[in-house]
Amino acid sequence: MKRRAVIRGIGSYLPSRIVTNAELAARVETTDEWIMQRTGIAQRHVAAEGETTSMLATRAAEAALAHAGIDASEIDLIVLATATPDYTFPATATQVQNNLGITHGVAFDIAAVCSGFVFALSTAEKFLLSGSHKRALVIGAETFSRILDWNDRTTCVLFGDGAGAVVLEAQDGKGTVADRGVLSTHLRSDGRHRAKLFVDGGPSTTGTAGHLRMEGREVFKHAVGMITDVITDAFAATGVDADTLDWFVPHQANRRIITASADKLNIAPEKVVITVSEHGNTSAASIPLALDVAVKDGRIKPGHLVMLEALGGGFTWGSALVRW
Ligand code: UT7
């Protein structure tokens, strides 16, 4: 017998305002054709004035709890991944905890940028497997619109706002890959790559929130190799391969990175969930947002084998293999 962290429910939330490529083309020197061709992004959602990361996260968490049929009072752990917290402190997770009316257990944030959801899932899994906690909310939530330089066409066209959440519950399994739940996680980081993707401000440097800066081509060059490495690690650890996978739900940064990674791993194109066209890159929220789309439209069903992966600033990167 082996304890497993099983996904009981999923939910997401997108701000109502949609910004199209045409709207951006009226603002900076770009075109719908360039953005579509280079990234696959057609539109992104942008939070309204006063709509914060904790508000998006709370809506996603409420949806996940409803989908799981679990009351907020049954949650004893909240792990929230974000690079755009409401405040420098306290942790955005504690605001979500308060919004949900939870006063027991523990809530904290994870900073791994676009890899945040995979890092948060892996962290929550370890808490559940240790026996210290029973039911977790794992949330990825971002308002990247607040840290974009809206005059920089090389970055402002790429990102969007949103939140996604899953309810994770400790259950007993057999210890085989037939178990439901998180079957493996592989996390990596390498701080030598800081300058390729970073925010040029912070409490202990400029005293401001700063703006996102990225050497896109450099990130692209590393992304496919790093992503495929941690997926190959997951395959080796579990005996699963590209053919036995049901779904590949990658971080949604760029359609070209997603398809190149799937090609390199021999994952069939029809198994790849792509939402970057509608959501843009929502950083830590992108994987749970994509998962929610594929669960709610009936593609991902209980028992399916799902591979998640992400790469983000740091660099940080990682994979998670989950049986739904
Ligand atoms: O989620 C975290 C991880 N982030 C990523 O994975 C992002 C990784 N990088 C990328 O997705 C791609 O590198 C980008 C989409 C950011 C850029 O695509 P690219 O094919 O690497 O283009 P590039 O940066 O090499 O730029 C090509 C040209 C440049 O002009 P020159 O130097 O060739 O004259 C850019 O100035 O495109 C120009 N350009 C634009 N043109 C129109 C850059 N941004 C734009 C734009 N509209 N928005």
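Basis for what follows: all heavy atoms, side chains included, without hydrogens, waters or symmetry-related copies. All ligand and atom numbering here is 1-based and tracks the order in the structure.
Among pairs with a residue in residues 280-292, those fulfilling salt bridge (Lys or Arg N to Asp or Glu O under 4.0 Å) read D292-K296, at least two apart in sequence or across chains.
The existence of a salt bridge linking D149 and R213 is confirmed by a sub-4.0 Å separation between a basic side-chain nitrogen and an acidic carboxylate oxygen. A salt bridge is defined here as a Lys NZ or Arg NE, NH1 or NH2 lying under 4.0 Å from an Asp or Glu carboxylate O, and R8 with E169 meets this definition.
Taking a 4.5 Å side-chain heavy-atom cut-off between Ile, Leu, Val, Met, Phe, Trp and Tyr, the cluster of V293 contains only that residue. Taking a 4.5 Å side-chain heavy-atom cut-off between Ile, Leu, Val, Met, Phe, Trp and Tyr, the cluster of I78 extends to L65, I70, I75, L80, V96, L100, I102, L137, I139, V167.
In this structure a side-chain-to-backbone donor-acceptor pair under 3.5 Å is present from T84 to T143.
Closer than 4.0 angstrom to ligand 1 lie heavy atoms from E29, T30, W34, R38, T39, C114, R153, T154, V157, L158, L197, M214, G216, R217, V219, F220, H251, A253, N254, R256, I257, N281, L311.
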